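All values derive from a computational prediction rather than experimental measurement. Just so you know, ligand 1 is whichever comes first in the structure, and atom 1 is the first atom listed for that ligand.
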Amino acid sequence: MTFRQRHLLGIDPLHPTEITEILDLADKYVDLNRQSIKHSDVLAGLTQINMFFENSTRTQASFELAGKRLGADVMNMAMQASSIKKGETLIDTALTLNAMHPDLLVVRHPHSGAVDLLAQKVNCAVLNAGDGRHEHPTQALLDALTIRRRKGRLHRLNIAICGDIAHSRVARSNIILLGKMENRIRLVGPTTLVPSVFSEFGCEVYDDMNEGLRDVDVVMMLRLQRERMDGGFIPSEREYYHRYGLDAEKLSKAKPDAIVMHPGPMNRGVEIDGDIADDINRSVIQEQVEMGVAVRMAAMDLLAQNLREGVV
Ligand code: ASP
C-alpha cells in the first residue's frame with residue numbers, strides 16, 4: 001500500500017501514486033455498489049462521526065452511505081442543534097467527541113483551515129468534507145474517477161473549469177489534482193471570478209467561453225458561491241448566463257465527445273442550461289454522484305488500514 005496518510009485533509013499532500021491507489025480501490029467499490037447486496041465489513045467495529053457545520057446534500061449522504069456499506073457505526077451530528085450554538089468552540093466540541101473514541105471524523109466547516117486545526121486535536125482519522133474556499137478533496141477524487149472511467153485515462157487531457165473559481169474549494173482541489181496528474185487546465189470565467197493570479201498555478205486563464213472551451217475533453221461547471229461573495233461580482237444572473245452559462249452553442253466548441261460535469265448543487269439557467277445538464281450523452285453529473293460513494297468508501301477503507309497499522 002502506498003497511501004501513507006493519517007488524515008485526508010486535502011489533495012495537496014497526496015502523491016500521484018496515492019491518488020491512483022484511492023481511485024483503483026474506488027473502482028472496486030463501484031462494482032460492489034452495483035450489486036444487490038452492497039456490503040463489506042472492512043470498517044466493522046469502527047465509529048464514524050459526521051460533523052457538518054455547513055449545509056450539504058450529496059457529500060453528507062454519500063459519506064453516511066459509504067460508512068454504512070462498509071459496516072461502520074455511523075453517527076450524524078446535528079451541528080445546528082449542537083453546543084456550538086451555545087458558544088462552545090470548535091476545538092472544545094472536537095475534544096468532547098474525541099473522548100467518545102471515534103475512529104473516523106468527517107468534517108465540513110465554513111472556514112478555510114478549520115478542519116486541519118481540528119485534526120491536530122483528535123486521535124482519529126479526519127476527512128475534510130469541504131473547508132471554506134480551501135479544499136474539498138473527496139470531490140476532486142470523485143471527479144477524477146469519473147473522468148478516468150469516461151476518458152480511459154487521467155493524464156494529458158484538456159480540462160476547462162468554468163465559473164466562480166475564486167470562491168470554490170472544488171476548483172482548488174481539482175486544479176491541484178488534475179495538475180499533479182499532468183493535465184492541461186483552463187480556467188474560464190469573468191476576471192472578477194477568475195483572477196489572473198491563477199496562471200501562476202500553471203493554468204491558462206480565459207474570460208471568453210467560446211475560446212476557453214475550444215477542443216477541450218472535459219467541461220466542469222461551477223455554481224456561483226454567493227455565500228462567500230461580499231460584493232457585486234457579476235452584473236446580473238441573466239447577463240452571466242448569456243456570457244458564461246453552458247448551453248449547446250458554447251458546448252459545440254468543445255470536442256464532440258467532451259463530457260460535462262458539475263459538482264452540484266446546480267443552478268439551472270444560471271451556470272448551466274437544464275437540457276445540457278440532462279443530456280445523457282454529454283452530462284456525467286449523476287455518475288459523479290455514484291462515484292462519490294465509491295471514492296468515500298475507498299478513502300475511509302485506506303485511512304482505517306493506516307489507523308490499524310499506527311501510521312502517523
Ligand atoms: N457542493 C460543492 C461544495 O460543497 C460545490 C458547491 O457547493 O457549489 O463545495
Chemist: Is it the case that the side chains of Q120 and D116 hold a donor-acceptor pair, with the cut-off being a distance below 3.5 Å and no angle test?
Modeler: no

Chemist: Say whether E227, considering both its backbone and side-chain N or O atoms, lies within less than 3.5 Å of an N or O atom on ligand 1.
Modeler: no

Chemist: Quick check on contacts: which atoms of ligand 1 are under 4.0 angstrom from a heavy atom of H136?
Modeler: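 Those qualifying, in numeric order: 3 (C), 4 (O), 9 (O).
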
Chemist: In plain terms, say whether R268 and D278 are close enough for a salt bridge, that is, a side-chain N and a carboxylate O under 4.0 Å apart.
Modeler: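 Salt bridge flag = yes for D278 with R268.
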
Chemist: Check whether S112 reaches the backbone of G132 with its side chain - one donor and one acceptor, N or O, closer than 3.5 Å.
Modeler: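 No, the answer is negative, given that no donor and acceptor are paired below the 3.5 Å cut-off.
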
Chemist: Answer with side chain, backbone, both or neither: which part of Q139 has a heavy atom less than 4.0 angstrom from an atom of ligand 1?
Modeler: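 None of Q139 does.
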
Chemist: Considering all heavy atoms of both residues, which atom of S56 and which atom of R108 are nearest to each other, and what is their separation?
Modeler: CB-NH1, 3.3 Å

Chemist: Using a 3.5 Å cut-off on N or O atoms only, is P265 in polar contact with ligand 1?
Modeler: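 In fact, backbone or side chain, P265 has no N or O that close.
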
Chemist: Determine whether the side chain, the backbone, both or neither of E54 has a heavy atom under 4.0 Å from any heavy atom of ligand 1.
Modeler: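 Neither part.
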
Chemist: Please check whether Q225 reaches ligand 1 - meaning an N/O of the residue sits under 3.5 Å from an N/O of the ligand, judged on distance alone.
Modeler: yes

Chemist: What is the closest protein heavy atom to atom 4 (O) of ligand 1, and at what distance does it sit?
Modeler: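 That would be R169 NH2, 2.8 Å.
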
Chemist: Can you tell me if D41 uses its side chain to pair, donor with acceptor, with the backbone of A44 under 3.5 Å?
Modeler: no

Chemist: Any Lys/Arg nitrogen of R4 or E309 sitting under 4.0 Å from an Asp/Glu carboxylate oxygen of the other?
Modeler: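 Salt bridge: yes.
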
Chemist: Ignoring angles and geometry beyond distance, decide whether R223 reaches within less than 3.5 Å of ligand 1 through its nitrogen or oxygen atoms.
Modeler: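 For ligand 1, there is an N or O atom that lies under 3.5 Å from one belonging to R223.
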
Chemist: Are the side chain of R172 and the backbone N or O of E135 linked by a donor-acceptor pair below 3.5 Å?
Modeler: no

Chemist: Would you say G130 touches ligand 1, if touching means a heavy atom closer than 4.0 Å?
Modeler: no

Chemist: Could you find the nearest protein heavy atom to atom 2 (C) of ligand 1 and give me its residue, atom name and distance?
Modeler: G264 O, 3.6 Å

Chemist: Within a distance under 4.0 Å of any heavy atom of V170, pick out the atoms of ligand 1 and give their elements.
Modeler: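 So the atoms of ligand 1 that pass are 2 (C), 5 (C), 9 (O).
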
Chemist: Is it true that R282 and D275 make a salt bridge, defined as a side-chain N closer than 4.0 Å to a carboxylate O?
Modeler: no

Chemist: Using a strict 4.0 Å cut-off to heavy atoms of R108, name the atoms of ligand 1 that fall inside it.
Modeler: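 In order of number, 4 (O).
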
